[in-house]
**Student:** 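Okay, handing you the structure first.
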Amino acid sequence: MTRVPPPLFLISAFALAACASEAGGETTLVGKSPQLSAENLKRDTQVLSSDVFGGRAPMTDGEQKTIAYISEAFAAAGLQPGNGDAWFQEVPLVEVGVDESAADISFVNDGKPLFIGKYGIEQVIWTKRIEPEVNMADAELVFVGYGVNAPEKAWNDYEGIDMAGKVAVILVNDPDWETEGLDGEFGGRAMTYYGRWTYKYEEAARQGAAGALIIHDTEPAAYGWSTVESSWSGPQIEMDRPDNGAGRVAVEGWMHGDLAAKLFSAADLDMAALVARAKSRDFAAVPMGVTASATLTNTIRRQQSNNVIGILPGSKRPDEYVLYTAHWDHLGRCAPGEADEICNGAFDNATGTAGLIELARAHAEAGPADRSLVFLAVTAEESGLLGSAYYAEQPVYPLAQTVGGLNMDGLNILGRTNDVVVIGAGKSELEDILTAEAEAQGRRMELESSPEKGYFYRSDHFSLAKKGVPMLYAEGGVDIVGKGGEFGEAAADDYITNRYHLPGDEYDPDWVWDGAVQDLELNYRIGRALANSQDWPNWREGDEFRAVRDQSRAGLQ
């Protein structure tokens with residue numbers, strides 16, 4: 001029976017050599033790996049998640065402390081600077097802070113004021129337009145279902161409506177997210193990129209909308225309203241682009257489900273019936289007869305952030321690269337005015353950063369592999385995978401010569417597990433070696449049973465996958481040795497409810513680290529096998545990333 005793969009164990013994204021490859025034979029299992037240290041993991045996690053680092057927000061003093069710590073640890077581990085003579089890759093970011101005291105939304109129906117959507121309580125809005133003031137005045141709300149425009153599926157929720165000057169009201173996830181199994185227009189229970197909140201805002205902008213509001217629902221969103229408040233309130237960070245965000249809608253945001261219900265009722269619309277209708281390709285967007293107005297007054301701050309890069313050059317093919325990645329950032333001071341203002345991000349992702357450092361030490365101790373091993377600690381993951389996206393757009397090492405990568409977004413701190421879960425199973429040719437290495441550890445493979453949460457699209461491996469670099473995402477399971485799956489599932493639920501993106505994500509001296517070591521051993525062996533192989537991974541025929549990879553590799557043939 002498959003088990004629920006919790007966000008608590010977003011430990012590894014793997015890009016591996018496959019039996020079906022461009023060159024060379026099968027990738028073989030690695031021999032004994034160097035000893036990995038739980039004490040090192042504890043120390044680095046405790047330091048990085050301490051209040052001294054202030055929650056590791058980009059463009060703060062906490063960033064400077066964090067990147068200095070990582071670069072010094074890389075050097076001590078035996079790596080060389082990974083960006084020429086520098087440890088850092090500058091990432092141009094811009095921070096936009098909204099005056100939250102004046103960020104309510106007023107709603108009007110037929111010229112009569114309805115009510116105010118209170119910021120934080122009923123909605124959280126922001127803008128990615130880099131302007132001191134952004135206005136959305138008397139913009140008509142249009143319910144656009146799931147906000148999907150997928151020509152290859154003959155599905156267009158915007159068909160027949162001009163969205164200029166209007167606000168798209170959108171459901172989160174895919175139209176078939178409630179389907180049992182993986183059969184459906186959008187992969188059934190498994191989320192596609194059409195279901196991600198990032199896509200919803202991007203498509204609304206392509207349609208010319210003035211605003212885009214996603215209706216929050218805990219199950220398809222995979223987190224509660226408190227996470228929306230902590231993640232999207234306060235200053236928001238974006239890539240600093242030449243157009244100053246002019247291509248984005250003026251106002252982006254989330255609305256609480258209760259506020260959505262009030263709006264549909266005020267518009268004399270049957271919300272449940274429309275949500276059900278939105279699951280069909282025959283759905284047509286519905287003007288709601290309600291207008292929305294909001295003014296966002298912004299403070300703007302431009303500053304460089306930094307990815308941290310170290311390299312262990314290859315001994316035989318140094319111009320071929322295997323990546324290890326983890327994001328070093330978190331939310332900083334996410335709860336101003338509260339007794340505990342700091343989101344320390346101990347699990348998310350001080351543990352993953354500690355794992356990156358420990359893998360660097362282990363590989364350096366083992367000596368150079370045939371290919372180069374690159375260790376990339378990226379910034380601004382919590383702001384939309386910005387650091388990894390910048391690296392993917394401005395790679396230090398050519399992506400066509402990047403064999404693949406492994407990403408760590410939180411380590412298992414509950415104990416050793418009997419299982420490993422594949423996220424996005426079937427996407428790549430590269431699962432055989434993962435299975436072999438997991439079985440060598442005495443662990444079984446499981447399919448994810450909550451694919452509607454779209455974990456494949458929610459961490460830094462996705463930025464590289466979009467550019468064609470093969471990435472296989474896997475998690476440590478929940479079947480904790482000696483405690484079972486119910487214990488692991490309960491711990492995962494507790495983390496999501498009480499600590500995920502909240503001040504409660506703090507270092508706990510009672511954490512059990514042998515599961516983290518178990519997973520890092522798996523990461524080490526997979527990365528080492530790939531770095532000593534002549535194989536080149538690829539995505540399966542028909543996968544969304546296959547064509548990009550084929551094109552990039554073709555230029556080298």
**Student:** Rounded to the nearest 0.5 Å, what's the gap from CG on Leu48 to OH on Tyr507? Could you check?
**Tutor:**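 If we round to the nearest 0.5 Å, Leu48:CG and Tyr507:OH are 12.0 Å apart.
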**Student:** Walk me through whether Glu381 and Asp409 qualify under side-chain contact (heavy atoms from CB on, under 4.5 Å).
**Tutor:** CA-CA 10 Å; Glu381 188 269 357; Asp409 200 350; 3.6 Å; yes
**Student:** Could you report the tightest heavy-atom contact between Leu141 and Ala292, atom names first, then the distance?
**Tutor:**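 That would be CD2-CB, 3.9 Å.
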**Student:** If we only count heavy atoms from C-beta on, is the Ile67 to Gln64 side-chain gap below 4.5 Å?
**Tutor:** yes
**Student:** What distance do Thr295 atom OG1 and Asp104 atom CG have between them, rounded to the nearest 0.5 Å?
**Tutor:**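 Reported value, rounded in 0.5 Å steps: 11.0 Å.
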**Student:** Within the distance-only criterion (no hydrogens, no angle test), does the side chain of Arg302 pair as donor or acceptor with the backbone N or O of Leu93 below 3.5 angstrom?
**Tutor:** no
**Student:** Under 3.5 Å, side chain of Arg206 to main-chain N/O of Asn149, donor-acceptor pair present?
**Tutor:**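 It does not hold such a pair.
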**Student:** Give a yes or no answer on whether the side chain of Ser50 reaches the backbone of Val47 with a donor-acceptor pair at less than 3.5 Å.
**Tutor:**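 Indeed, once roles are kept as given, a pair shorter than 3.5 Å links the two residues.
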**Student:** Donor-acceptor pair, distance only, cut-off 3.5 Å: does the side chain of Asp508 make one with the backbone of Asp510?
**Tutor:**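 Yes, because the side chain of Asp508 sits within donor-acceptor range (under 3.5 Å) of the backbone of Asp510.
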**Student:** Glu100 side chain to Gly234 main-chain N or O, any donor-acceptor pair under 3.5 Å?
**Tutor:** yes
**Student:** If you look at every heavy atom in Tyr391 and Leu376, which pair is closest and at what distance?
**Tutor:**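 Residues Tyr391 and Leu376, closest heavy atoms: CG-CD2, 3.8 Å.
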**Student:** Give the ring-plane orientation class for Tyr199 versus Tyr194, where under 30° counts as parallel, over 60° as perpendicular and anything between as tilted.
**Tutor:** perpendicular
**Student:** Could you check Thr325 against Asp460 for side-chain hydrogen bond (donor to acceptor under 3.5 Å, both in side chains), going step by step and ending with a plain yes or no?
**Tutor:** CA-CA 8 Å; Thr325 66; Asp460 291 301; 5.8 Å; no
**Student:** Run the numbers on Glu229 and Lys118 for salt bridge (Lys or Arg N to Asp or Glu O under 4.0 Å), then give the verdict.
**Tutor:** CA-CA 12 Å; Glu229 284 187 89; Lys118 291 293 185 181; over 6 Å; no
**Student:** Quick one: do Leu213 and Ile125 satisfy side-chain contact (heavy atoms from CB on, under 4.5 Å)? Show the steps, please.
**Tutor:** CA-CA 8 Å; Leu213 298 174; Ile125 56 175; 3.8 Å; yes
**Student:** Using a strict threshold of under 4.0 Å (side-chain N to carboxylate O), is an ion pair present between Lys42 and Glu358?
**Tutor:** no
**Student:** Would you check if Gln89 and Tyr390 make a side-chain contact, meaning some heavy-atom pair closer than 4.5 Å?
**Tutor:** yes
**Student:** Judged by atom type as modelled, is there a donor-acceptor pair below 3.5 Å linking the side chain of Gln123 to the main-chain atoms of Ala103?
**Tutor:** yes
**Student:** With a 6.0 Å cut-off on ring centres, are Phe186 and Tyr146 close enough?
**Tutor:** no
**Student:** Mind telling me whether Trp254 and His216 have parallel, tilted or perpendicular rings, with 30° and 60° as the class edges?
**Tutor:** perpendicular
**Student:** If you round to the nearest 0.5 Å, how far is CD1 of Ile309 from CG of Leu79?
**Tutor:**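 Leu79 atom CG to Ile309 atom CD1 measures 12.0 Å (nearest 0.5 Å).
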**Student:** Does the side chain of Tyr193 pick up a donor-acceptor pair with the side chain of Thr198 at under 3.5 Å?
**Tutor:**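 Note: Tyr193 and Thr198 side chains meet the donor-acceptor criterion.
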**Student:** Are the side chains of Leu520 and Leu41 in contact, using a 4.5 Å heavy-atom criterion?
**Tutor:**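 When only atoms from C-beta onward are counted, Leu520 and Leu41 do touch, with a gap below 4.5 Å.
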**Student:** Who are the ring-ring contact (aromatic ring centres under 6.0 Å, His included) partners of Phe456, not counting sequence neighbours?
**Tutor:**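 Applying ring-ring contact (aromatic ring centres under 6.0 Å, His included) to Phe456 gives His461.
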**Student:** If you compare all heavy atoms of Leu36 against all heavy atoms of Ala362, which two are closest, and at what distance to 0.1 Å?
**Tutor:**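 Minimum heavy-atom separation between Leu36 and Ala362: CD2-CB, 3.8 Å.
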**Student:** Would you compute the distance between atom CD1 of Ile342 and atom SG of Cys334 and round it to the nearest 0.5 angstrom?
**Tutor:**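 So the CD1 of Ile342 and the SG of Cys334 are separated by 9.0 Å.
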**Student:** When you measure from the side chain of Asn412 to the backbone N and O of Gly415, does any donor-acceptor pair fall under 3.5 Å?
**Tutor:** yes
**Student:** Scan Asn307, Thr379, Asp348 and name whichever one has a side-chain hydrogen bond (donor to acceptor under 3.5 Å, both in side chains) with His327.
**Tutor:** Asp348
**Student:** Could you tell me whether the side chain of Asp419 and the main chain of Asp479 form a donor-acceptor pair under 3.5 Å?
**Tutor:** yes
**Student:** Report yes or no: does Asp240 contribute a side-chain atom to a donor-acceptor pair with the main-chain N or O of Val94 at less than 3.5 Å?
**Tutor:**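 No, Asp240 side chain to Val94 backbone: no donor-acceptor pair under 3.5 Å.
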**Student:** Measure up the His330 and His501 rings against each other and bin them: parallel (under 30°), tilted (30 to 60°), perpendicular (over 60°).
**Tutor:** perpendicular
**Student:** Centres of the Trp328 and Phe53 rings: under 6.0 Å?
**Tutor:**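 Aromatic pair excluded; centres sit 6.0 Å or further apart.
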**Student:** The criterion is ring-ring contact (aromatic ring centres under 6.0 Å, His included); which residues satisfy it with Phe115, sequence neighbours excluded?
**Tutor:**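 Partners of Phe115 under the ring-ring contact (aromatic ring centres under 6.0 Å, His included) test: Phe107.
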**Student:** Measure the spacing between CD1 of Ile214 and CH2 of Trp197 and express it to the nearest 0.5 Å.
**Tutor:**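 Interatomic distance, Ile214 CD1 to Trp197 CH2, rounded to 0.5 Å: 8.0 Å.
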**Student:** Salt bridge between Glu544 and Lys427, side-chain N to carboxylate O under 4.0 Å?
**Tutor:**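 Salt bridge between Glu544 and Lys427, a charged N being under 4.0 Å from a carboxylate O: yes.
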**Student:** Does the side chain of Thr353 come within less than 4.5 Å of Tyr69's, by heavy atoms?
**Tutor:** no
**Student:** Decide yes or no on side-chain contact (heavy atoms from CB on, under 4.5 Å) for Tyr495 and Asp505, but give the supporting numbers first.
**Tutor:** CA-CA 8 Å; Tyr495 172 76; Asp505 186 0; 3.3 Å; yes
**Student:** Does Leu406 form a side-chain contact (heavy atoms from CB on, under 4.5 Å) with Val322? I'd like the steps, not just the answer.
**Tutor:** CA-CA 8 Å; Leu406 300 85; Val322 176; 4.2 Å; yes
**Student:** Can you tell me how far apart OG1 (Thr66) and CG (Asn306) are? Round to the nearest 0.5 Å.
**Tutor:** 11.0 Å
**Student:** Who are the ring-ring contact (aromatic ring centres under 6.0 Å, His included) partners of Phe143, not counting sequence neighbours?
**Tutor:**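 Phe143 satisfies ring-ring contact (aromatic ring centres under 6.0 Å, His included) with Phe264, Phe283 only.
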